[in-house]
There are 2 protein chains.
Amino acid sequence: MLKFSKKADYALLALQYMAVVQSGVDADPRVVNTKEIAEEHHIPLELLAKVLQTLARHQLIESHHNGPKGGYVLAHAPGDITIAQVLEAIEGPLGLTDCSHEKGDHSQCEQMSRCNIRTPLLKIQDSIFQLLNGMSIEDILVEETPLIIVESLKPQGVIS
Amino acid sequence: MLKFSKKADYALLALQYMAVVQSGVDADPRVVNTKEIAEEHHIPLELLAKVLQTLARHQLIESHHNGPKGGYVLAHAPGDITIAQVLEAIEGPLGLTDCSHEKGDHSQCEQMSRCNIRTPLLKIQDSIFQLLNGMSIEDILVEETPLIIVESLKPQGVIS
DNA sequence: TCAATCTCCGACTAAAATACTCTTGACTAA
DNA sequence: TTAGTCAAGAGTATTTTAGTCGGAGATTGA
Ligand code: SF4
Ligand code: SF4
């Protein structure tokens, strides 16, 4: 119930990977394509593709469709992409209950009129949101154990 | 995705109700039965019954099956029942990701071996858990809700 | 006694969300 | 031209959630 979806998980995984690749010492704005990320993490390719498309549509990453050299690049600095943004891009706006984003009357929840727990729950929700909004991709970058070694990529095409 | 289930919602609703009934000025340990709660909140009776049964099995409430006068009573003081306890009673142990409660190897998530985001996500999860564990039924009792202090990982910004 | 009323439990169905796939198309670089 | 890429949408399969049903056991009050 209080769980990230796979898609959200994949999104974070991909963003972290892209951040690592881009923030390499060379600061080379290398484009990474879907296939590379999918293979690196053993994620179903087509599904990851959809996730990245969604992220691109929400301006979190930029798509460079340049044929065989196409791919994606972070649209902002890693510190400027919060976890909450990612989550909201993938799933809709996030809310703990059915009554979170109210549209006037109680169209969502039948017992809203006589509900005493709504206000407290909304506060919990706010707290969680603050938490997620306070963390960015940067905070997720390699911590202590960089398990993925980025330079072990097979060079597709020639590297200049 | 980051949403309470109906059952969890119902559980909190019921517990709040029971708490209010019991902590009335009379302090009469009145037993309240499923039907009463269900009708009061317009919840499907049978479903609520299951929820309460689950809560009872987890020692959060006591069942008095005394024929026509039977019903449920809180097993502890409202302040001693945390939201996290309730949620874990209803759903299983809560975890943000598939890899949260590990059983040795990576039986849950295929990419766990080369996953860099696991540790950060576990931290987020801990924060959320602490938040939920810091609130009890008592904090939900009346409308004038207390402030939730979010303790985030890093000292950043104010909530208010 | 006995019927009403309650909890308890497990199996069951239905609906909805998730996870994943397939197909088609447009673009671009070599 | 051709292979490799993103884009978009429809389609399917699986899992989770929501809600239902029916019977068993217990207790009370008439
Ligand atoms: S029961 Fe209360 S808190 Fe839950 S969805 Fe309905 S109005 Fe919101
Ligand atoms: S991808 Fe990483 S964080 Fe997500 S479930 Fe797998 S191991 Fe855990």
Side-chain angles (χ1 to χ4, degrees), chain A residues 1-11 13-14 18 30-39 42-58 61-73 75 87 90-92 94-95 97-98 108-111 154-158 160, chain B residues 1-11 13-14 18 30-39 41-58 61-73 87 90-92 94-95 97-98 108-111:
Chain A
M1 52 155 294
L2 223 52
K3 206 175 116 200
F4 283 179
S5 66
K6 289 273 190 204
K7 282 201 279 192
D9 216 17
Y10 294 160
L13 218 41
M18 293 170 69
R30 177 167 144 256
V31 240
V32 328
N33 64 24
T34 310
K35 196 174 169 192
E36 177 183 335
I37 304 180
E39 287 180 348
H42 301 123
I43 303 177
L45 174 66
E46 290 87 358
L47 184 52
L48 178 63
K50 299 223 81 54
V51 169
L52 293 181
Q53 282 167 30
T54 311
L55 291 180
R57 209 178 312 127
H58 283 80
I61 59 181
E62 280 174 3
S63 73
H64 289 189
H65 34 129
N66 302 329
K69 290 240 169 185
Y72 294 98
V73 165
L87 259 39
I90 299 296
E91 340 280 329
L94 39 84
T97 65
D98 291 336
Q108 305 293 327
C109 177
E110 199 54 48
Q111 44 267 120
K154 45 188 170 189
Q156 47 160 5
V158 196
S160 54
Chain B
M1 52 155 297
L2 222 52
K3 205 173 118 201
F4 282 178
S5 67
K6 290 274 190 205
K7 283 201 279 193
D9 215 17
Y10 294 160
L13 218 40
M18 292 170 69
R30 179 168 142 252
V31 183
V32 26
N33 65 22
T34 312
K35 197 174 169 191
E36 178 182 336
I37 304 180
E39 288 181 348
H41 295 93
H42 299 125
I43 303 177
L45 175 65
E46 289 88 359
L47 184 51
L48 179 62
K50 297 208 80 57
V51 169
L52 293 182
Q53 282 164 30
T54 311
L55 292 179
R57 205 179 313 127
H58 284 80
I61 60 181
E62 281 175 1
S63 75
H64 289 192
H65 37 128
N66 301 330
K69 292 252 173 190
Y72 293 97
V73 165
L87 293 182
I90 298 296
E91 340 280 331
L94 39 83
T97 65
D98 291 335
Q108 306 294 325
C109 177
E110 200 55 47
Q111 43 269 122

Restricting both atoms to N or O, compile the protein contacts to nucleotides 1-3 of chain C shorter than 3.5 Å, with distance only.
none

Please report, rounded to the nearest Å, how far the [atom2] atom of [N] is from the [atom1] atom of [X].
X: His64(B); N: dT27(D); atom1: NE2; atom2: C1'; result: 13 Å
X: His58(B); N: dC8(C); atom1: NE2; atom2: P; result: 14 Å
X: Leu52(B); N: dC9(C); atom1: CG; atom2: C1'; result: 14 Å
X: Gln53(B); N: dG10(C); atom1: CD; atom2: P; result: 9 Å
X: Glu39(A); N: dT5(D); atom1: CD; atom2: P; result: 9 Å
X: Asp98(A); N: dA18(D); atom1: CG; atom2: C1'; result: 12 Å
X: Leu48(B); N: dC6(C); atom1: CG; atom2: P; result: 14 Å

Between the side chain of His42(A) and the main-chain N/O of Ala38(A), is any donor-acceptor distance below 3.5 Å?
-> no
Lys69(B) backbone acceptor or donor facing Asn66(B) side chain under 3.5 Å | no
Thr34(A) side-chain N/O to dC6(D) phosphate OP1/OP2 under 4.0 Å = yes
Would you say Phe4(A) and Leu2(B) make side-chain contact, with heavy atoms under 4.5 Å?
-> yes
Would you say the side chain of Val73(B) lies within less than 4.5 Å of the side chain of Ile61(B), judging by non-hydrogen atoms?
-> no
Should the heavy atoms of other residues, nucleotides or ligands under 6.0 Å from NZ of Lys7(A) be counted, would the total exceed 12?
-> no
Readout for nucleotides 17-30 of chain C: B = base within 4.0 Å of protein heavy atom, S = sugar-phosphate only, - = neither; 5' to 3' it is -SSBB------BS-
For Ala11(A) and Val51(A), which heavy atoms make the closest approach, and how far apart are they?
-> CB-CG1, 3.7 Å
In terms of heavy-atom contacts, Leu48(A) and Ala14(A) come closest through CD1-CB, 4.3 Å
Between Glu91(B) and Lys3(A), does at least one N-O distance fall below 4.0 Å, as a salt bridge requires?
-> no
Apply side chain to side chain contact (heavy atoms under 4.5 Å, CB included) to Glu62(A) and Tyr72(A), showing your working.
-> CA-CA 6 Å; Glu62(A) 280 174 3; Tyr72(A) 294 98; over 6 Å; no
